[in-house]
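Since the structure comes first, as structure tokens, the remarks are kept for the end.
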Amino acid sequence: MSETVNVVCYKSKTLKDGSHPLMVRVCKDGKKKYQSIGISILPSHWDFKRNEPNDRCPNKDEIKILIQQRLCDIQKTILSKRIDGKDYTATTIINSVTEQCKSAKSVGEYYLKYIDNLKIENRIRYAGMYEVSYNSFIKFAKHLDITFSEIDAAWLKRYEAWSKEQNLSVSTISTRLRHLRAVFNLAIMEHAIKTDCYPFHAYKVAKLNKETAKRALSKEDVYRVINYEGTGSLEILAIDLFTFSYLCAGINFIDMAKLTRSNIRDNQIVYNREKTKKLIIIPLQQKALQLIEKYRDENSPYIFPILSPYHKTQVQIANRLHKVLAKINKYLKEIGENLNLPLPLTTYVARHSFATVLKRAGVSTSIISESLGHSSEKITQAYLDSFDKEQINEAMRNLL
């Protein structure tokens, strides 16, 4: 009899806070073996049909990564035993994986596990970002064949200082340290390290965010970008993508590139954000509809000429997006310089500008958070904390 392996929310056990532990369940030869993966979850945060955290679940992405990693470890163990011709039971499989988790304690091993799991989930772009940050830590420390306890607040401060010497932006440093923090969280959730090894209580990554330069334009400067007369096809596309993003709730480049005609329903964009998987529904303004018509191509399902039916695999898509984004931002930067804008112009500036204009119009943070597709208002507030508190009696419909 073949085995089945999955992770379930174990309702037979209820903790004091009303949550249930998440358990690996291995079924073989009519016998079941359960083992906790080290975290619990409220039933309201769990999709029992799909056996995964739902959109209301805090740390949804990290939990999904932990689940995929544990399932991957079990499948590898089963495959190894089959290749070796060894018999196994549900109990021996669970025990083998437990020993493997205990033995993989170096920071480097966990970092690579995290990257592998992102690739398993076909999150190729994010895996690539983690690979870049991994290589940055290797360059700084020479290697990551170290225990988690060796990385303390002083180590992190030295990395921050070294990164600034490399002329890395504060935003880039913050991103890389948040990647390392995610690896720490994975190790803690797997009980591979103790919580007293966690250096991010003493070292706050959030302080770097406060140093980040503003990335929002005034409404007047947004007008100037939108009305800029582009000369070449790529320069015109760059302006149009900036405009579409601004008018469509700050939709980011990746989500914009993947939009197809099926995402347009009743003069609305309906899509799931790539990063958070959150469902976003945005009304389309007249100028946004005009841009959709401008780039209509009956030979391609995509709204904008970034991806095409030729790009089929996740690797092809990721490479194409990376290449085009670099070109678009190059043209936007040149446009910004020509217009003497107060900050470097990128696609991301459209997203920040959208949020800023709404905040200045007196729109609540919760509405802005919903529009941006953030997983929490706390993240949105990080966008808005650096902006001035000017209030203007305009509503969202007055973006233009």
Side-chain angles (χ1 to χ4, degrees), residues 3-27 31-75 90-91 93-95 97-102 104-105 110 113-114 117-118 120-121 123 126 148 178-201 204-206 272-273 275-279 366 369-370 373-382:
E3 67 284 333
T4 59
V5 182
N6 52 23
V7 170
V8 297
C9 183
Y10 195 66
K11 292 194 292 184
S12 298
K13 182 176 182 180
T14 304
L15 305 181
K16 289 182 179 179
D17 62 355
S19 65
H20 306 299
L22 294 184
M23 309 279 278
V24 174
R25 181 176 64 192
V26 179
C27 304
K31 296 182 179 180
K32 298 178 182 179
K33 179 68 175 179
Y34 292 85
Q35 185 187 58
S36 172
I37 67 171
I39 56 176
S40 61
I41 192 169
L42 293 171
S44 59
H45 293 158
W46 185 257
D47 185 332
F48 286 91
K49 291 183 178 179
R50 302 177 65 178
N51 265 347
E52 63 179 34
N54 58 33
D55 290 339
R56 296 189 299 275
C57 178
N59 302 320
K60 171 188 172 183
D61 290 338
E62 290 183 7
I63 292 174
K64 288 182 70 174
I65 286 173
L66 174 61
I67 290 172
Q68 290 298 327
Q69 185 62 61
R70 186 59 62 89
L71 293 177
C72 182
D73 289 341
I74 291 176
Q75 294 294 351
T91 299
I93 291 298
I94 289 291
N95 291 342
V97 173
T98 300
E99 291 303 313
Q100 291 170 17
C101 287
K102 288 180 179 178
K105 290 189 177 181
Y110 259 97
K113 283 176 66 176
Y114 202 104
N117 202 72
L118 288 172
I120 290 170
E121 291 187 330
R123 300 175 69 184
Y126 291 106
F148 283 89
R178 282 187 279 112
H179 289 174
L180 181 60
R181 186 176 63 187
V183 174
F184 264 88
N185 289 336
L186 174 62
I188 289 173
M189 285 193 291
E190 287 193 343
H191 299 293
I193 62 173
K194 296 181 179 179
T195 54
D196 57 9
C197 292
Y198 194 70
F200 293 97
H201 293 308
K204 300 294 185 182
V205 179
N272 289 93
R273 193 180 174 210
K275 186 174 181 180
T276 63
K277 308 305 178 187
K278 190 171 184 178
L279 179 65
S366 61
S369 177
E370 186 72 20
H374 282 161
S375 56
S376 71
E377 286 186 36
K378 184 177 180 181
I379 296 173
T380 307
Q381 197 59 52

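Count residues from 1 along the sequence.
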Inset, instruction - Tell me, with the steps shown, if Ser40 and Leu22 meet side-chain contact (heavy atoms from CB on, under 4.5 Å). - result: CA-CA 5 Å; Ser40 61; Leu22 294 184; over 6 Å; no

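- The line from NE2 of His20 to CG of Leu15 is 8.5 Å long, rounded to the nearest 0.5 Å.
- Remark: of the listed residues Ile63, Ile74, Ile67, Asn51, Ile67 is the sole one forming a side chain to side chain contact (heavy atoms under 4.5 Å, CB included) with Val7.
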Inset, instruction - Would you sort out whether Asn54 and His45 count as a side-chain contact (heavy atoms from CB on, under 4.5 Å), showing the intermediate values? - result: CA-CA 6 Å; Asn54 58 33; His45 293 158; 4.2 Å; yes

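- Nearest approach of Phe48 to Lys11, heavy atoms of both residues: CE2-CD, 3.7 Å.
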Legend entry - Worked verdict on Leu42 versus Ser19 for side-chain contact (heavy atoms from CB on, under 4.5 Å): CA-CA 4 Å; Leu42 293 171; Ser19 65; 4.0 Å; yes

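- Closest approach of Tyr34 to Val8, counting heavy atoms only: CE2-CG2, 4.1 Å.
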Inset, instruction - Please step through side-chain contact (heavy atoms from CB on, under 4.5 Å) for the pair Val26 and Gln35, ending with a clear verdict. - result: CA-CA 9 Å; Val26 179; Gln35 185 187 58; over 6 Å; no

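- Rounded to the nearest 0.5 Å, atoms NZ (Lys60) and CD1 (Ile41) are 10.5 Å apart.
- When all heavy atoms of Lys33 and Ala90 are compared, the closest pair comes out as CB-CB, 3.7 Å.
- You'll find the side chain of Pro199 reaches within 4.5 Å of the side chain of Phe184, heavy atoms only.
- Closest approach of Phe148 to Ala187, counting heavy atoms only: CZ-CB, 3.7 Å.
- Side chain of Arg178 to backbone of Val205: no donor-acceptor contact under 3.5 angstrom is found.
- Considering CG of Leu180 and CZ of Phe200, their distance stands at 4.5 Å, rounded to 0.5 Å.
- Atom CG in Leu118 sits 11.5 Å away from atom NZ in Lys64 (nearest 0.5 Å).
- Across all non-hydrogen atoms, the minimal contact from Ile193 to Cys197 is CD1-CB, 4.4 Å.
- With values rounded to the nearest 0.5 angstrom, Thr4 atom OG1 is found 6.5 Å from Arg25 atom CZ.
- In terms of heavy-atom proximity, Ile188 sits nearest to Tyr198 at CD1-CD1, 3.5 Å.
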